Amino acid sequence: MTEICGALKGDGLRLAFVVSRFNSIFTEQLLKGAHDAALRHGVAEEALTVVRVPGANEIPLAAAKLAKRGGVDAIVALGAVIDGATDHAMLINTSVARALCQIGLEAGIPVLNGIVCAHNLDQAVERSGSKAGNKGFDTVCAAIEAANVLRQL
């Protein structure tokens, strides 16, 4: 039996972070976590690209352009969408998640969703670097592992 599994070794990997400016109080913390995870696991500073977009809804288009351009081993989407009085957040979260999956499938590289989908401000705070961890950090770890799996296939 052959088993292929990834490792948390970022040596030689090139990562791109697509970051929403909307809800920047949270997205900047997600970016700090993502940056920290990449460096801790061996990704070189010069191998990181940060692309800023207005909001979460604009993330897939930038991710698709990056994937088509090439030169990255994985793309990490970072944003924060917080429920309001309407279904707007659900619509954004659903369409963005589906688009990111499709981009990854079409490009053949990991395109990971590190967007915090919170019901309230407390949940957003918890997932952006307090007691529930930092989704940016966790998503980059998954991106590194996934990229290493794909290198072996």
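These numbers come from a predicted model, not from an experiment. Position 1 is the first residue of the sequence, and the numbers go up from there.
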(message) With rounding to the nearest 0.5 angstrom, report the NZ to CZ distance, K135 to F26.
(response) 14.0 Å
(request) For side-chain contact (heavy atoms from CB on, under 4.5 Å), just list the numbers for T27 and L78, CA-CA rounded to whole Å, side-chain angles, deciding distance to a tenth of an Å, and then say yes or no. (result) CA-CA 6 Å; T27 63; L78 299 171; 5.6 Å; no
(message) Check this for me, if you would: do R52 and E28 make a salt bridge, where the nitrogen-to-carboxylate-oxygen distance has to be below 4.0 angstrom?
(response)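 Looking at R52 and E28, the cut-off is met.
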(message) Any salt bridge linking K32 with D36? Criterion: basic side-chain nitrogen under 4.0 Å from a carboxylate oxygen.
(response)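 Looking at K32 and D36, the cut-off is not met.
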Please report the closest heavy-atom contact between [X] and [Y], naming both atoms and the distance.
| X | Y | value |
| --- | --- | --- |
| A44 | L39 | C-CD2, 4.4 Å |
| N57 | S95 | OD1-OG, 3.9 Å |
| L150 | I109 | CD1-CA, 4.1 Å |
| V81 | A56 | CG2-CB, 3.7 Å |
| S20 | P54 | OG-O, 3.7 Å |
| D83 | A89 | OD1-CB, 3.4 Å |

So if you build clusters from Ile, Leu, Val, Met, Phe, Trp, Tyr with side-chain heavy-atom gaps below 4.5 Å, do [X] and [Y] land together?
| X | Y | result |
| --- | --- | --- |
| L48 | V72 | no |
| V76 | V53 | no |
| L13 | V50 | yes |

Please check: side-chain N/O of [X] versus main-chain N/O of [Y], any donor-acceptor pairing under 3.5 Å?
| X | Y | value |
| --- | --- | --- |
| N148 | K9 | yes |
| N134 | F137 | yes |
| H35 | L31 | no |
| N93 | C117 | no |
| D73 | R14 | yes |
| R127 | Q123 | yes |

Kindly indicate whether the side chain of [X], heavy atoms from C-beta on, has any atom under 4.5 Å from the side chain of [Y].
| X | Y | result |
| --- | --- | --- |
| L8 | C141 | yes |
| E106 | K68 | no |
| F17 | V140 | yes |
| L30 | V116 | yes |
| V19 | V51 | no |
| L100 | L112 | no |

(request) Decide if atom CD1 of I25 counts as having more than 12 heavy atoms of other residues, nucleotides or ligands within a radius under 6.0 Å. (result) no
(request) Step through the shown structure and confirm whether more than 12 heavy atoms of other residues, nucleotides or ligands are within 6.0 Å of CZ on R151. (result) yes
(request) Decide side-chain contact (heavy atoms from CB on, under 4.5 Å) for I92 and I115; before the verdict, give the C-alpha distance in whole Å, the side-chain angles of both, and the deciding distance to 0.1 Å. (result) CA-CA 11 Å; I92 295 293; I115 298 172; over 6 Å; no
(message) For I82 and L121: C-alpha separation, side-chain torsions, deciding distance, then whether side-chain contact (heavy atoms from CB on, under 4.5 Å) applies.
(response) CA-CA 7 Å; I82 303 165; L121 291 174; 3.7 Å; yes
(request) Walk me through it: do D11 and V43 pass the test side-chain contact (heavy atoms from CB on, under 4.5 Å)? (result) CA-CA 5 Å; D11 311 46; V43 179; over 6 Å; no
